Amino acid sequence: MTAYLETTVDKFIFRVATDRNYCSEGLWTKAEGNLVRIGLTDFWQQRNGDVAFAEIEPVGTTLTVGDVISTIETIKVDIELTSPVNGNIVEINPEMEDNPELINQDPYGDGWLAVIEVADWAAEQAKLLDSQAYFMLMKGQAEKEARER
Amino acid sequence: MNATKVVIIPCSGIGKTYGTVSREAAYEVIEDLRPGETQLVALSMLVLGDEQACKVVTENPSVTVDGCKLACATKMVAESGGVVAADFAVLDVYRRNRQFKPKGIAELNEGGQKLAHALAEEILAVVDDLTARDSSSEDDSATKKPEAGK
């Protein structure tokens, strides 16, 4: 069972799953061998609002870090998400076409976006944040935004 | 003449595009499409517990139009003792009409206006269904009355 780090900022509760890595933009990565599942964090989905559409690059797409992997349209913003790892997309979440709200409902579970096959997970992981580091980063961002509201 | 009116309660989210879409759709139905059969109740009046507003929603079927997943309109009608005959979410309607991308707050862009119109058409279908049922039950009771008097 996944454990979470949790913080309350203003009236919002944000959770960070401890069993994965993160990039500062708010994507999580979870390795299963050399297959890396990616998705969006709880903070990302709460900050950007209800997802209207989620388009993901097709299976077979080769990505380097920084390439666009997905375009998400929410009730607040349109955002291009860039890949946190180098590799090839081997699977995309089929639910995203008809049920993109899964990103809001279950960001660390059924709301995953894609699976990327990487050549060297250890090298990729070294460039990512661990859950504690992301938690502190996220908490700082959330508190800053709360002060500015 | 129908005994009841369909009450429409849109989102009250001020400063939110989807809230504006919900209100524009409600206004279109109430002011232009079915002025005689529908009535607007401001969500804020239910939140305040206004007696007249609560009375209206408890005595008439309600159609709620929510601007986000918090679904305040639907929840407040239920909390006020009303019956939600149908609930709409602007996001769901947008997913069915992606070509109408809404933008703007005080004033919607063209996509937002078209989305509001599409939503109004969906609300209209429900309103017509509810009013037809109401007329039908009135007709039934009218034809039954003489029988009851026999």
Side-chain angles (χ1 to χ4, degrees), chain A residues 8-15 26 39-58 68 70-81 92-113 142 145-149, chain B residues 9-26 43 47 64-76 87-123:
Chain A
T8 301
V9 178
D10 198 359
K11 59 186 176 186
F12 303 100
I13 298 169
F14 300 110
R15 298 192 309 163
L40 289 158
T41 65
D42 180 37
F43 177 61
W44 190 100
Q45 68 87 15
Q46 290 197 57
R47 175 202 236 179
N48 292 298
D50 299 353
V51 176
F53 300 102
E55 291 177 349
I56 304 166
E57 293 299 309
V68 173
S70 175
T71 304
I72 307 277
E73 181 179 340
T74 76
I75 62 171
K76 294 180 183 173
V77 290
D78 295 352
I79 297 181
E80 286 190 336
L81 301 171
I92 61 174
N93 188 343
E95 290 293 320
M96 284 298 116
E97 188 162 336
D98 293 327
N99 300 302
E101 64 271 21
L102 285 171
I103 292 171
N104 301 109
Q105 294 166 354
D106 190 11
Y108 295 118
D110 291 342
W112 62 277
L113 297 176
E145 287 176 15
R147 283 195 300 273
E148 290 170 353
R149 265 198 294 273
Chain B
I9 303 101
C11 165
S12 66
I14 303 300
K16 309 284 184 189
T17 300
Y18 283 53
T20 304
V21 170
S22 76
R23 288 188 293 279
E24 289 296 328
L43 177 55
V47 174
T64 55
V65 191
D66 288 303
C68 75
K69 65 183 176 186
L70 294 175
C72 303
T74 301
K75 286 176 185 166
M76 275 314 301
D87 57 320
F88 289 90
V90 177
L91 185 57
D92 291 339
V93 180
Y94 176 43
R95 285 187 179 133
R96 293 193 285 274
N97 297 275
R98 193 176 184 181
Q99 70 275 27
F100 303 145
K101 184 176 172 61
K103 281 192 176 175
I105 296 168
E107 193 171 329
L108 291 172
N109 67 345
E110 188 182 351
Q113 291 170 22
K114 287 182 173 174
L115 183 64
H117 179 68
L119 174 54
E121 291 288 339
E122 292 195 19
I123 296 169

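Each chain gets a letter, A, B and so on, in the order the sequences are listed, and its residues count up from 1. On a predicted model such as this, the values are computed, not experimentally measured, just so you know.
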Note: A:Phe53 and B:Arg95 closest approach over all heavy atoms is CZ-CA, 3.6 Å

query = A:Asp50 side chain to B:Leu91 main-chain N or O, any donor-acceptor pair under 3.5 Å?
reply = no

[X] [atom1]: over 12 foreign heavy atoms closer than 6.0 Å:
{"X": "A:Glu97", "atom1": "CD", "result": "no"}
{"X": "B:Gln99", "atom1": "CD", "result": "yes"}
{"X": "B:Glu110", "atom1": "CD", "result": "no"}

When the 4.5 angstrom heavy-atom criterion is applied to B:Lys16 and chain A, the contacting part is neither

Bottom line for B:Tyr94: the part with an atom under 4.5 Å from chain A's heavy atoms is both

Original post:
Under 4.5 Å between any side-chain heavy atoms of A:Glu101 and B:Lys69, yes or no?
Top reply: no

